[in-house]
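From a predicted model like this one, the values you see are computed outputs, not experimental measurements. Numbering starts at 1 and runs along the sequence shown.
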Amino acid sequence: MARKIGSRYTANQILGRGSAGTVWLGEGPEGPVAIKLLREDLASDEELVGRFVQERTALLGLDHPHVVSVRDLVVDGNDLALVMDLVRGTDLRTRLDRERRLAPEAAVAIAADVADGLAAAHAAGVVHRDVKPENVLLDMQGPLGPGGSHPALLTDFGVAKLIDSPKRTRATKIIGTPDYLAPEIVEGLPPRASVDIYALATVLYELLAGFTPFGGGHPGAVLRRHVTETVVPLPGIPEELWQLLVQCLAKAPASRLRASELAARLREQLPMLAGMPPLDVDEPETETPEEAEESATAAAPAAEEQRVRRRGAVSLVPGAKPDSNRDTHTSMLVPGPDELSGGARGTARAPRASGAPRPGSARHRVAARRRRVTFAVAGVAVAAAVGVGAWLASSGDDSAPPQETHNSSTP
């Protein structure tokens, strides 16, 4: 059912829903538009509405081919809405859900487009703060780029900042999506442009691998990994591209590239990636404590395999469908120093070649036990053989040929 948004726009059809609001296909004086209608509880927050109006100039001033432009901000009664360009296509999460991972050339081309958009935003003093596949739109009507990629546009600029008001978050909360949060945000520092670089590098890793480098499991474990763990190399990734990822996933913000530098470096990689197939890696696996206890005594590999579960992003919204489990603007407690310094046992995400068990997994423990049993049996056999040889050597059989010995204790 159509509804009026302010005096100039009509929302005709729902295109999608998120934790911050609903996106509608709408109509305005200049033709079709996308209207992001924020939740009513946000519209009733006077402080947030004030921030919304304050951000108007910055948001309307972002004009770049790889940014979904905001045309208008509407504050009308209970309606709080961003009117944006309509992009005919899909979001990057939908493509990932369909293909699991992309060929390196296409993945790098998409990341370079997003980096270009971030460079323009950062130059205007705007930090996105929620870069993730859901906020990257692919223009299916645009010209194909390297690897057959469609032009990528970054959307939802300013929404995280608008919702992250002191009244809502205080000093003990953080706003964002756990898989893509930079370590400094987890530690409670104010977000600067470098947090977008970290998030984009995480997205690129996900495009190549099919999973994020630190995601999976309980949100607290995800946050701790961002702060304490080092990203594990992906089998088969070109060394130059890997070093670029490592630099942008650095724990220290000052070590990361600027958005313009990242875009240029990524485009330099494209000729070397032409024709390269998607990486052949398996997603890291995880187990519940009960499953780990069971697997410690299991003997059958088939039973082990059934107990292993793929590690995916945790659902942060009650009742959310699997495809929407990385919703934006989920409020989480900032972990304390003791939590961040706690052991990461059972949380490491170590990618590996397809078919190889992850160290510490149920399959890996079974293989290790089998090796120990094999070595033990072999050791018994060797010891028995040595004992028999020694008995024969001391039996005084004159018909046996002389044998050399190398025993340091012989006088």
Side-chain angles (χ1 to χ4, degrees), residues 55 58-70 84-85 87 91-92 102 104-139 142 145-146 149-161 164 175-177 179-185 189-208 212-213 226 231 240-270 273 328:
E55 293 295 321
L59 294 177
L60 295 181
L62 277 180
D63 184 15
H64 189 273
H66 295 296
V67 171
V68 179
S69 297
V70 175
M84 303 175 290
D85 286 344
V87 177
D91 62 67
L92 188 54
L102 307 185
E105 185 181 14
V108 168
I110 290 172
D113 283 353
V114 176
D116 279 335
L118 284 174
H122 295 168
V126 178
V127 179
H128 190 285
R129 298 179 59 175
D130 198 30
V131 177
K132 60 181 181 179
E134 288 84 346
N135 287 336
V136 176
L137 302 184
L138 303 178
D139 183 3
S149 62
H150 294 279
L153 295 84
L154 191 57
T155 188
D156 266 9
F157 271 98
V159 175
K161 184 176 182 181
D164 186 12
I175 294 292
T177 308
D179 281 24
Y180 309 92
L181 283 177
E184 59 268 32
I185 297 181
L189 299 178
R192 305 192 185 283
S194 55
V195 306
D196 288 342
I197 302 303
Y198 184 94
L200 178 54
T202 302
V203 170
L204 178 53
Y205 186 106
E206 184 176 14
L207 295 180
L208 295 168
T212 56
H226 283 297
V231 62
E240 290 186 28
L241 179 56
W242 175 247
Q243 291 304 322
L244 188 58
L245 270 175
V246 168
Q247 184 173 2
C248 293
L249 288 171
K251 306 301 182 188
S255 299
R256 301 171 202 150
L257 296 173
R258 293 194 296 269
S260 58
E261 296 172 330
L262 176 56
R265 293 277 298 277
L266 287 172
R267 297 196 190 283
E268 290 174 0
Q269 300 284 320
L270 290 173
L273 302 174
T328 312

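Partners of S149 by side-chain contact (heavy atoms from CB on, under 4.5 Å), not counting sequence neighbours, listed by chain and number: A106, A109, I110, P146. Residues meeting the side-chain contact (heavy atoms from CB on, under 4.5 Å) test with D139, sequence neighbours left out: V87, Q141, P151, L153. Take A259 and apply the side-chain contact (heavy atoms from CB on, under 4.5 Å) test, not counting sequence neighbours, and it matches L118, A119, H122, I197.
Donor-acceptor pairing under 3.5 Å is recorded for the side chains of T177 and D130. In the model, E184 has no side-chain atom that pairs as donor or acceptor with a side-chain atom of Y198 under 3.5 Å.
The closest side-chain heavy-atom distance from H128 to N135 is below 4.5 Å. Residues L137 and L92 are not in side-chain contact: their nearest non-hydrogen atoms beyond the backbone lie 4.5 Å or more apart. Side-chain contact between V108 and L270 is present, with heavy atoms from C-beta onward closer than 4.5 Å. Annotation: side chain of Y205 is not in contact with side chain of L208 (no heavy-atom distance under 4.5 Å).
The pair R267-D116 meets the salt-bridge criterion, since a charged nitrogen lies less than 4.0 angstrom from a carboxylate oxygen.
The OG atom of S194 sits 5.0 Å away from the CZ atom of R256 when rounded to the nearest 0.5 Å. The line from NE2 of H64 to NE2 of H66 is 6.0 Å long, rounded to the nearest 0.5 Å.
Between the side chain of K132 and the backbone N or O of D179 there is no donor-acceptor pair closer than 3.5 Å. Side chain of Q247 to main chain of L244: no donor-acceptor pair is present (N/O by atom type, distance under 3.5 Å, no hydrogens or angles).
The side-chain contact (heavy atoms from CB on, under 4.5 Å) test with L204 singles out one residue from V114, L262, L266, and that residue is L266.
At most 12 non-hydrogen atoms from other residues, nucleotides or ligands lie less than 6.0 angstrom from CD of E240.
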Is there a side-chain contact (heavy atoms from CB on, under 4.5 Å) between V195 and V127 once you walk through the steps?
CA-CA 8 Å; V195 306; V127 179; 4.0 Å; yes
What's the verdict on side-chain contact (heavy atoms from CB on, under 4.5 Å) for V131 and Y180, showing C-alpha distance, side-chain angles and the deciding distance?
CA-CA 7 Å; V131 177; Y180 309 92; over 6 Å; no
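Summarising the geometry of H150 relative to G142, their closest heavy-atom pair is ND1-O, 4.3 Å, with the distance given to 0.1 Å.
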